[in-house]
2 protein chains.
Amino acid sequence: MSQRDFVSADEVARRAGVSRSAVSRAFTPGASVSDTTRQKVLQAAEELGYQVNHLARGLMRNESGIVCLIVSDVATPYRSTLLRELTLQLQLAGKVAMLINTDRSDGSVNRALEQAIRYRADASVILSGLPDKSITELCLRSGQRLVLINRDEDQSGAFHINLDDREAAGRVVTAFVRAGCSRLAFANSEAGTPSLMAREAGFIAAAKEQGLDVIVERHGSTGYEAGRVVAQRLLTRKERPDAVFCATDLLACGLMDAARHQFSLSIPQQLCIVGFDDIEQASWSSYRLTTFAQPIGAIAREAVAWLSQGGVADGRSLTLQADLIWRDSVRGG
Amino acid sequence: MSQRDFVSADEVARRAGVSRSAVSRAFTPGASVSDTTRQKVLQAAEELGYQVNHLARGLMRNESGIVCLIVSDVATPYRSTLLRELTLQLQLAGKVAMLINTDRSDGSVNRALEQAIRYRADASVILSGLPDKSITELCLRSGQRLVLINRDEDQSGAFHINLDDREAAGRVVTAFVRAGCSRLAFANSEAGTPSLMAREAGFIAAAKEQGLDVIVERHGSTGYEAGRVVAQRLLTRKERPDAVFCATDLLACGLMDAARHQFSLSIPQQLCIVGFDDIEQASWSSYRLTTFAQPIGAIAREAVAWLSQGGVADGRSLTLQADLIWRDSVRGG
DNA sequence: TTGTAGGCGTTATCAT
DNA sequence: ATGATAACGCCTACAA
């Protein structure tokens with residue numbers, strides 16, 4: 001390691017002609033220091049380029065200020081938007097985000113949480129994957145807060161933020177029926193995460209109420225390419241669907257592109273499509289996708305509010321509604 | 001704050017019937033411990049759910065394992081991809097990423113670096129913005145490494161990774177001329193970052209060598225919407241351009257969509273377009289954009305290799321080439 | 001190989 | 001309001 005030499009409170013104290021404690025107090029909001037000494041300290045610190053060592057402070061205060069964000073597929077539009085919002089809110093709350101990428105292999109969520117513990121993170125936010133119960137219990141027992149976004153509901157003590165996926169799916173059926181569609185399909189990935197499966201189940205159930213069957217096709221991960229593959233399967237059937245609900249916008253974009261450029265179908269005339277997430281691309285004029293907007297701002301705000309609150313926090317569950325954004329991929333908006 | 005109670009090395013030592021130091025050694029690769037005690041310690045740790053406190057360890061070792069990633073516009077395709085790659089490489093190198101969002105206001109890069117110092121980050125990687133020299137010197141002086149990606153060249157002691165933007169721009173002119181284009185335009189944002197301006201300058205210079213003028217149009221930030229606005233300006237001129245080089249793919253997508261859907265132009269027959277970054281959307285069948293692929297993997301690898309190397313590191317500069325990806329937005333690939 | 005003692009840079013407690 | 005002193009949890013000589 002190269003030589004590291006950060007300036008310490010001692011040096012500031014010496015230069016300002018006060019004690020270490022005075023320096024500490026000058027950097028602690030609400031501590032009892034006279035204005036004159038505070039000024040002396042602040043000036044000395046400025047001149048030396050002193051910054052409080054948060055490693056040491058965290059050790060003492062038993063509060064690191066660190067919040068771990070555990071996530072896979074960061075490069076995905078929806079994920080990266082959520083990430084942006086979370087980091088922003090965290091910073092506003094005086095916290096700092098530690099980003100842990102779980103793209104590689106399974107069980108990596110567990111390893112990520114261990115990392116969170118090692119850095120004594122005040123809280124962890126899980127955006128992807130599902131950790132084992134033993135490790136989340138360890139977190140909770142250690143006093144580390146846990147927020148699960150769009151994850152399953154089985155971790156007591158943690159804060160769950162979910163969308164009402166089933167309700168949303170029901171509205172899609174209504175929209176499709178109103179558009180005169182009758183051959184419904186659902187495009188999903190093989191990921192099988194709770195929220196994705198809830199959309200699928202909700203769609204099927206609502207369709208059944210209308211006396212309609214649903215063709216379900218699943219493939220790969222939740223991306224553009226998977227959408228193309230699913231389109232291939234769906235649009236070569238003898239009984240071609242006239243309406244597809246896609247579990248995510250990325251799937252929808254892939255499916256829409258294939259439908260247009262490979263099968264020469266007009267949208268929404270010959271095929272209605274609804275997506276989920278309202279990623280930026282959904283509004284691009286090549287897509288103009290009717291889709292559900294996740295309340296990303298609200299999710300981030302609620303998450304940060306909960307994890308940065310003082311006092312003992314109980315586990316809790318919050319269900320938010322997704323907004324249906326009408327654009328041009330369904331007839332008769 | 002709720003009660004926090006992480007298990008410490010003391011407790012592990014007691015349970016394993018050894019001393020604290022034995023515990024420490026058991027978790028230090030290459031320390032001299034007998035296999036039997038190591039096993040005892042590891043088992044006790046496992047049972048108690050012990051994890052080494054990296055705050056304390058960082059304090060002692062003078063090496064936190066933290067690397068700060070300083071970035072704005074995280075939700076942008078190119079940025080988020082780079083972020084994914086960097087976090088992955090960092091984790092492979094045994095480091096952990098601290099993400100600092102500088103979306104708000106100016107001078108926030110300076111604040112971000114101060115944050116990096118407070119957490120005693122081993123290094124900082126700057127993906128956006130440009131810090132004041134005084135603060136980067138403080139970082140360097142404190143022994144914190146600095147990597148600047150696609151930033152300006154004026155920070156000595158830091159590691160600079162840049163693309164050869166001018167060379168790339170030159171190749172675009174060649175491609176346009178070969179496609180029979182003669183009314184060249186450059187679409188840029190008003191951001192004015194070094195790499196963006198280098199692409200612009202390089203394009204103009206290369207065109208001049210061919211005896212060609214370039215219409216330059218700049219607007220807003222580097223996004224899809226700006227591309228639409230620029231298209232508006234460019235395509236309503238009496239002398240409509242027949243080839244546009246866009247500073248980024250996002251601009252290119254916006255411009256292409258406007259050209260097609262608003263001006264009913266065929267691409268590449270009536271208008272050739274080249275972008276930069278090779279974001280995922282560039283390959284989608286609605287765009288099939290000819291563009292430059294940033295060597296993101298190499299950038300991330302080089303950055304992490306440099307910042308995690310032992311010993312004293314000198315400032316250094318690395319220039320990488322961008323690969324031209326031929327797709328369908330230029331005639332005669 | 002093992003345990004003991006001292007120190008890393010803070011903050012909190014206690015006098016003054 | 002200020003300064004000395006004791007933690008916080010860990011690592012690392014040093015001694016055994």
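In the text below, chain A, chain B and the rest are named by the order of the sequence lines, each starting its count at 1.
- Between the CZ atom of B/R14 and the P atom of D/dG9 there is a distance of 11 Å, rounded to whole Å.
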**Request:** Kindly indicate, with the supporting measurements, whether the criterion side-chain hydrogen bond (donor to acceptor under 3.5 Å, both in side chains) is fulfilled by A/R79 and A/S128.
**Result:** CA-CA 9 Å; A/R79 286 283 165 70; A/S128 330; 3.2 Å; yes

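- For B/D5 and D/dC8, the CG to P distance is 12 Å, given to the nearest whole Å.
- A salt bridge does not link B/E11 with B/R20: every distance from a Lys NZ or Arg NE/NH1/NH2 to an Asp or Glu carboxylate oxygen is 4.0 Å or more.
- Shown here is B/R104, whose CZ atom has no more than 12 heavy atoms of other residues, nucleotides or ligands within 6.0 Å.
- The CG-P distance, from A/L55 to D/dC11, rounds to 13 Å in whole Å.
- Ion pairing between a basic and an acidic side chain is recognised when a charged N comes within 4.0 Å of a carboxylate O; A/R145 and A/D122 show no such pairing.
- Heavy atoms of A/S32 sit under 4.0 angstrom from at least one base atom.
- The phosphate of C/dT1 has neither OP1 nor OP2 within less than 4.0 Å of any side-chain N or O from B/T37.
- Ring pair B/F27/B/Y50: centre-to-centre distance below 6.0 Å.
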**Fill in**
In 5'-to-3' order, the base (B), backbone-only (S) or no-contact (-) status of each nucleotide in nucleotides 7-16 of chain C, using a 4.0 angstrom heavy-atom cut-off, is BBBBBB----

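- Screening B/V125, B/I299, B/L86 against B/V147 for a side chain to side chain contact (heavy atoms under 4.5 Å, CB included) leaves a single residue, B/V125.
- For B/S19 and C/dT2, the shortest distance from a side-chain N or O to OP1 or OP2 is not below 4.0 Å.
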